[in-house]
Amino acid sequence: MRRIPSARDMQSQALEWRASGKRIAFVPTMGYLHEGHLRLVDEAKRRADIVVMSIYVNPTQFGPLEDFEKYPRDLERDAAMAEARGVDCLFIPDSADIYPPGHQTFVTVEDLSRGLCGVFRPGHFRGVATVVAALFLIVQPHVAVFGEKDYQQLKVIQRMALDLHMPVEVVGLPTVREATGLAMSSRNAYLSEAEKLEALKLGRAILLAQDLARGGEKRVAVIAEKGRDLLAEGGDLRIQYAEIVDAETLASLEVLDKPARLILAVYINKKRLIDNGPL
Ligand code: PAF
């Protein structure tokens, strides 16, 4: 596996691959890899000749009081995992490369960034869209693979690629869960064993909502309330939001009459967790 730290070298390598007719698949990450990331690699391998993974903890998507400094990082562990799973090229830029001196260009995806996490993490999706746009221009992928765990992020990126006529297919893959039902996340490294147990309520709330929907319940308020009640049991978890939205536009729904998504954000002690599932 090749490691490329420079944006310029990455871009010229990508253009060379393209010129020789190779298809490039891209898996952008912030590192501290887990099985969820590696499944994205598996899918990328199925769809292209060359798989590029980036590892870059992007400062512009973190708020001033968020965990940018302490976000878990372990490049050597990540590189070994990526190589073992068949990544061909690891792009590991630094901030001076991604954001050249004097940088002042940002990408904003308006409506999709506003609700849900956008309310509580102002500027987050602007940072995500900006870095992903830059990464797409550097890596020149034909296809890019993201997890549905960050469902709003996936929708923001798909919209950005469409609106800006980016010649890249943005693919979303279902969330990978531990055997317990806990959605895999690099940030699970912050959780104690007791907090992990508490966090299982997110997956359970999603299953409950899915059962209710399958059983014919169409009233969003009823499903959301039952989900919230389950999350609130025991009182150790604080709900930031629990919303059922249109799966494409992320607009609020009153009735389940189209593909929908239950999207959750909670705090367990000071640790924020998100999860979601289709309804
Ligand atoms: O999902 C992530 O890991 C990040 O938000 C991404 C897409 C790599 C952009 O920094």
Side-chain angles (χ1 to χ4, degrees), residues 34-40 42-43 111-121 125 145-159 170-188 191 194-268 271-279:
H34 51 69
E35 181 60 23
H37 295 110
L38 300 176
R39 299 272 181 92
L40 306 182
D42 296 343
E43 182 63 22
D111 289 351
L112 284 168
S113 299
R114 251 193 278 277
L116 304 169
C117 287
V119 174
F120 302 96
R121 302 188 70 190
F125 291 112
V145 192
F146 293 82
E148 285 182 349
K149 164 84 177 5
D150 295 294
Y151 190 78
Q152 189 175 9
Q153 162 174 288
L154 173 65
K155 291 293 130 189
V156 163
I157 292 167
Q158 284 174 331
R159 187 76 241 175
V170 179
V171 173
L173 290 194
T175 302
V176 179
R177 295 177 184 277
E178 309 276 359
T180 57
L182 179 65
M184 290 194 186
S185 163
S186 306
R187 286 187 169 105
N188 288 352
L191 301 175
E195 289 166 339
K196 279 188 187 152
L197 276 181
E198 187 63 19
L200 298 184
K201 284 185 187 163
L202 282 94
R204 277 198 220 121
I206 293 167
L207 288 178
L208 173 67
Q210 288 171 334
D211 279 351
L212 289 167
R214 257 195 302 272
E217 180 57 77
K218 295 263 178 251
R219 292 164 300 172
V220 159
V222 171
I223 302 176
E225 193 184 328
K226 294 212 159 113
R228 283 191 203 107
D229 286 349
L230 187 154
L231 291 171
E233 269 166 28
D236 291 325
L237 176 159
R238 182 168 72 74
I239 301 171
Q240 188 175 58
Y241 68 80
E243 286 188 36
I244 294 171
V245 294
D246 180 312
E248 275 313 304
T249 64
L250 306 185
S252 297
L253 286 179
E254 285 184 8
V255 181
L256 278 190
D257 56 359
K258 52 177 71 139
R261 205 93 194 171
L262 170 61
I263 308 199
L264 308 171
V266 306
Y267 275 95
I268 297 175
K271 295 143 196 183
R272 185 175 183 274
L273 301 178
I274 57 171
D275 203 346
N276 71 85
L279 295 180

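All heavy atoms count here, side chains included; hydrogens, waters and symmetry mates do not.
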Enquirer: Return the CD1 to CG distance between I223 and L256, rounded to the nearest 0.5 Å.
Expert: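 Spacing of CD1 (I223) from CG (L256) equals 4.5 Å.
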
Enquirer: Between CZ of R159 and CG of D111, what distance do you get to the nearest 0.5 Å?
Expert: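 It is 9.5 Å, given to the nearest 0.5 Å.
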
Enquirer: Determine whether K226 and L212 make a side-chain contact, defined as any pair of heavy atoms from C-beta on separated by less than 4.5 Å.
Expert: yes

Enquirer: Count the heavy atoms of every other residue, nucleotide or ligand shown that sit under 6.0 Å from CD of E35, and state whether that count exceeds 12.
Expert: yes

Enquirer: Look up atom NZ in K201 and atom CG in D275, then write down how far apart they are to the nearest 0.5 Å.
Expert: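 Here the interatomic distance stands at 14.5 Å.
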
Enquirer: With side chains defined as the heavy atoms from C-beta onward, is the minimum distance between I263 and Y151 less than 4.5 Å?
Expert: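 A side-chain contact exists here, since the closest heavy-atom pair is under 4.5 Å.
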
Enquirer: To the nearest 0.5 Å, tell me how far Q152 CD sits from L250 CG.
Expert: 5.5 Å

Enquirer: Is there a side-chain contact between E254 and R219 (heavy atoms, below 4.5 Å)?
Expert: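 Side chain of E254 against side chain of R219, heavy atoms only: no contact under 4.5 Å found.
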
Enquirer: Taking only distance into account, with no hydrogens and no angle test, what donor-acceptor pairs under 3.5 Å do side-chain atoms of residues 233-245 form with protein atoms, sequence neighbours excluded?
Expert:
| from | atom 1 | to | atom 2 | distance (Å) |
| --- | --- | --- | --- | --- |
| Q240 | OE1 | R272 | NE | 2.8 |
| Q240 | OE1 | R272 | NH2 | 2.9 |
| Y241 | OH | C117 | N | 3.4 |

Enquirer: Take F146 and I157 through the test side chain to side chain contact (heavy atoms under 4.5 Å, CB included) and record every step on the way to the result.
Expert: CA-CA 9 Å; F146 293 82; I157 292 167; 3.4 Å; yes

Enquirer: Is any side-chain N of the basic residue among E148 and R261 closer than 4.0 Å to the acidic one's carboxylate O?
Expert: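 Answer for the salt bridge query: yes.
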
Enquirer: Distance from N276 atom CG to T175 atom OG1, nearest 0.5 Å?
Expert: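 Separation between the atoms: 5.5 Å.
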
Enquirer: Can you sort out the partners of D211 under salt bridge (charged side-chain N to carboxylate O under 4.0 Å, His left out), two or more places apart, ordered by chain and number?
Expert: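 Only R214 meet the salt bridge (charged side-chain N to carboxylate O under 4.0 Å, His left out) criterion with D211.
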
Enquirer: Run the side chain to side chain donor-acceptor pair (under 3.5 Å) test against K271 and tell me which residues pass, sequence neighbours left out.
Expert: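 For K271 the side chain to side chain donor-acceptor pair (under 3.5 Å) partners, ignoring immediate neighbours, are E195.
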
Enquirer: Hey, what do you get for CG (L279) to NZ (K218), rounding to the nearest 0.5 Å?
Expert: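 Going from the CG atom of L279 to the NZ atom of K218 covers 10.5 Å.
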
Enquirer: Locate the shortest heavy-atom distance separating G227 from A205; write the atom from each residue and the value.
Expert: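 Distance-wise, the nearest heavy atoms are O-CB, 4.0 Å.
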
Enquirer: Would you call L38 and L40 a side-chain contact if the rule is heavy atoms closer than 4.5 Å?
Expert: no

Enquirer: Given side chains that start at C-beta, do those of L264 and L262 come closer than 4.5 Å, heavy atoms only?
Expert: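 Touching, per the 4.5 Å side-chain cut-off.
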
Enquirer: Among all residues two or more places apart in sequence or in another chain, which pass the side chain to side chain donor-acceptor pair (under 3.5 Å) test with R228?
Expert: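 None.
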
Enquirer: With side chain to side chain donor-acceptor pair (under 3.5 Å) as the rule and sequence neighbours excluded, what pairs involving residues 179-188 come up?
Expert: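 Only D67-R187 qualify under side chain to side chain donor-acceptor pair (under 3.5 Å).
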
Enquirer: Between D150 (side chain only) and Q153 (backbone N and O only), is there a donor and an acceptor less than 3.5 Å apart?
Expert: no

Enquirer: Tell me the closest heavy-atom pair linking A199 and L273, and the distance in Å.
Expert: CB-CD1, 3.5 Å

Enquirer: Using the rule given for side chain to side chain contact (heavy atoms under 4.5 Å, CB included), can you reason through I274 versus K149, listing the C-alpha separation, both sets of side-chain angles and the distance that settles it, and then say yes or no?
Expert: CA-CA 8 Å; I274 57 171; K149 164 84 177 5; 3.7 Å; yes

Enquirer: Taking salt bridge (charged side-chain N to carboxylate O under 4.0 Å, His left out) as the definition, give me every residue that meets it alongside E248, ordered by chain and number, with sequence neighbours left out.
Expert: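 Partners of E248 by the salt bridge (charged side-chain N to carboxylate O under 4.0 Å, His left out) criterion, ordered by chain and then number, come out as K155.
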
Enquirer: Just so I know, are the side chains of R39 and P174 near enough to count as touching, which here means a heavy-atom distance under 4.5 Å?
Expert: no

